[in-house]
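As the structure is a computational prediction, the values presented were derived from the model and not from experiment. Chain A is the first sequence line, chain B the second, and so forth, proteins listed ahead of strands; every chain is numbered from 1.
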Amino acid sequence: MIKPLSPSACRFLPAGDYDLAMTLNCGQAFRWRQGADGRWEGVVAGRWVQLSKVGKCIEAKTATPQRNWDWLDGYLQTGVDLDSILRTFPKDSPMQQAVKACRGLRLLRQEPWECLASFILSATKQIVQIQQIIECICARWGQKVEVPPGHKPAYSFPTPEVLAGCTEADLRECKMGFRAKHLHKTALMVVNGQLDLAGVNRVPLEEARALLQTAPGVGPKIADCVLLFAYGFAQAFPVDVWVQRALCELYFQGRKIPKSKLRLFAFEHFGPNAGYAQQYLFHYMRMAKKRLGEIDVRSQNVVRQRVKTGN
DNA sequence: TACCAGGAGAGCG
DNA sequence: CGCTCTCATGGT
């Protein structure tokens with residue numbers, strides 16, 4: 001007789017070639033926060049969890065002992081062989097630079113409802129602001145989850161039932177603006193069965209995208225985000241303003257190409273894991289901009305210094 | 001202060 | 001189809 005593994009609130013997941021910080025902070029998920037000790041805290045599948053990289057493992061701590069950790073393995077996708085994915089990328093220079101800069105970046109497998117709702121709220125918002133809106137709706141309409149002593153309270157992501165029960169005005173109190181109508185209507189569709197989130201992964205990519213796009217506030221870009229980040233359609237290729245700029249500059253000599261055409265180009269050019277390639281390009285561009293920002297600040301300081309000293 | 005943000009949808013020619 | 005305008009709010 002096999003003795004069942006005893007429940008534990010701590011676990012080490014083998015995770016070589018896995019950049020945890022980049023993965024949790026690259027704009028695919030919005031609820032991870034870094035504590036003072038540098039560890040990442042979040043809520044996955046209704047459970048508080050704290051993550052940190054220890055050598056070639058991810059150390060996970062929970063508030064309550066766990067017998068089964070499948071919920072976390074699935075979320076982090078630690079079983080994915082990254083190298084076999086990177087090998088399918090095109091060998092052009094932009095792509096190789098992005099891979100070099102973002103080595104270890106992974107795609108998570110998020111819960112469909114949270115992912116869909118989050119990206120409805122993402123429309124023409126900066127990532128910092130998306131994080132704030134989502135934090136607000138979780139604190140208001142999520143359920144309190146157990147946390148270890150001494151930690152800030154944490155909340156689950158609010159269910160479609162709860163959000164459908166809110167008024168649009170309630171939702172607007174979390175500063176989501178015109179997205180409130182979209183979120184509310186979509187929540188209603190999920191509750192009354194007009195949008196079957198469980199059915200999305202049972203059909204091919206194009207059909208799945210069309211299903212998601214029946215929800216208000218969900219067009220091609222947001223649908224592709226959900227297909228990629230929640231359903232594991234590795235070829236889904238979200239084209240936002242960043243990726244559009246990147247593709248136009250890197251592959252079209254700066255000519256402005258419509259997003260619909262870029263999606264078709266990407267589907268062909270980047271291959272079966274186009275979605276992974278997209279995330280590498282997206283994060284690569286954002287890091288590059290951040291670096292430029294820092295240089296800009298330095299030159300500004302130099303200018304201020306000159307003004308001060310009269311040079 | 002102005003510009004812009006991981007867009008979508010409607011109206012127009 | 002492709003372009004433009006609006007939607008709400010706050011970061012930089």
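Note on A:R172: only backbone sugar-phosphate atoms sit closer than 4.0 angstrom, heavy atoms only; bases stay farther off. Contacts of A:Q213 with the nucleic acid, taken as non-hydrogen atoms under 4.0 Å apart, are absent. A:S122 comes within 4.0 angstrom of the backbone, heavy atoms only, and of no base. Among the atoms of the strands shown, base atoms are found under 4.0 Å from some heavy atom of A:V243. Here A:F30 lies out of heavy-atom contact (under 4.0 Å) with every strand. Residue A:P258 is classed as having no contact, given no heavy-atom separation below 4.0 Å to the nucleic acid. As judged by a 4.0 angstrom heavy-atom cut-off over every strand, A:G217 is placed among residues touching the sugar-phosphate backbone only. Contacts of A:K125 with the nucleic acid, taken as non-hydrogen atoms under 4.0 Å apart, include base atoms.
With hydrogens and angles ignored, the 3.5 Å screen pairs a side-chain donor or acceptor of A:W113 with a backbone N or O of A:P158.
Per the stacking criterion (ring centres < 5.5 Å, plane angle < 30°), A:F282 stacks onto the base of B:dG6.
The base of B:dG6 is paired with the side chain of A:Q278 by a donor and an acceptor separated by under 3.5 Å. Side-chain atoms of A:Q244 stay outside donor-acceptor range of the base of B:dG7, with no qualifying N/O pair under 3.5 Å.
Atom pair A:I257:CD1 and C:dC3:C1' shows a separation of 15 Å (rounding to whole Å applied). A:L264 places its CG atom 11 Å from the P atom of C:dC1, with the value rounded to the nearest Å. The nearest whole Å value for the distance from the CZ atom in A:R286 to the P atom in B:dG6 is 6 Å. The distance from atom CE of A:M176 to atom C1' of B:dA5 is 17 Å, rounded to the nearest whole Å. The separation between A:I133 atom CD1 and B:dA5 atom C1' is 11 Å, rounded to whole Å. Rounded to an integer number of Å, the gap from OH of A:Y280 to C1' of B:dG6 is 18 Å. The separation between A:L183 atom CG and C:dA8 atom P is 16 Å, rounded to whole Å. Taking atom CG on A:L212 and atom P on B:dG9, their separation rounds to 12 Å, with Å as the unit.
Note: A:F89 and A:Y276 fail the aromatic proximity criterion, with ring centroids not under 6.0 Å apart.
Below 30°, between 30° and 60°, or above 60°: for A:W71 and A:W69 the angle between ring planes is below 30°, a parallel geometry.
Checked options A:K56, A:K53, A:R106, A:R103; the residue passing with A:D17 is A:R103 (criterion: salt bridge (Lys or Arg N to Asp or Glu O under 4.0 Å)).
At least one test fails for A:R33 against the ring of A:W40: distance under 6.0 Å to the centre or angle within 45° of the axis.
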Begin with the C-alpha distance, continue with both residues' side-chain angles, and end with the deciding distance and a verdict on salt bridge (charged side-chain N to carboxylate O under 4.0 Å, His left out) for A:R39 and A:E59.
CA-CA 10 Å; A:R39 298 166 190 268; A:E59 181 186 15; 3.4 Å; yes

Check your understanding: Does the side-chain hydrogen bond (donor to acceptor under 3.5 Å, both in side chains) test come out yes or no for A:D73 and A:T78, once each step is laid out?
Key -> CA-CA 6 Å; A:D73 298 2; A:T78 44; 4.8 Å; no

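For the P atoms, the distance linking B:dC3 with C:dC5 amounts to 14 Å, nearest Å. The C1' atoms of C:dC7 and B:dT1 are separated by 22 Å, rounded to the nearest whole Å. Only the P atoms considered, B:dA8 is 22 Å distant from C:dG10, to the nearest whole Å. Nucleotides C:dT6 and B:dG6 have their P atoms positioned 22 Å apart, rounded to a whole Å.
Comparing B:dG6, C:dG11, B:dG7 by their closest approach to the side chain of A:P238 singles out B:dG6. Of the candidates B:dG6, C:dA8, C:dT9, B:dG6 carries the atom nearest the A:I130 side chain, counting heavy atoms from C-beta on. In this structure, of B:dA8, C:dG10, C:dA8, it is B:dA8 that holds the atom nearest to the side chain of A:P220. For A:R245, whose side chain is taken as the heavy atoms from C-beta onward, the closest listed nucleotide among C:dG11, B:dA5, B:dG6 is B:dA5. Ranking B:dG7, C:dG10, C:dG11 by closeness to the A:Q126 side chain, first place goes to C:dG11.
Residue-to-nucleotide proximity on DNA chain B shows that, of A:R179 and A:I222, the 5′-proximal contact is made by A:R179.
Between A:K261 and C:dG2 there is a side-chain N or O to OP1 or OP2 distance below 4.0 Å.
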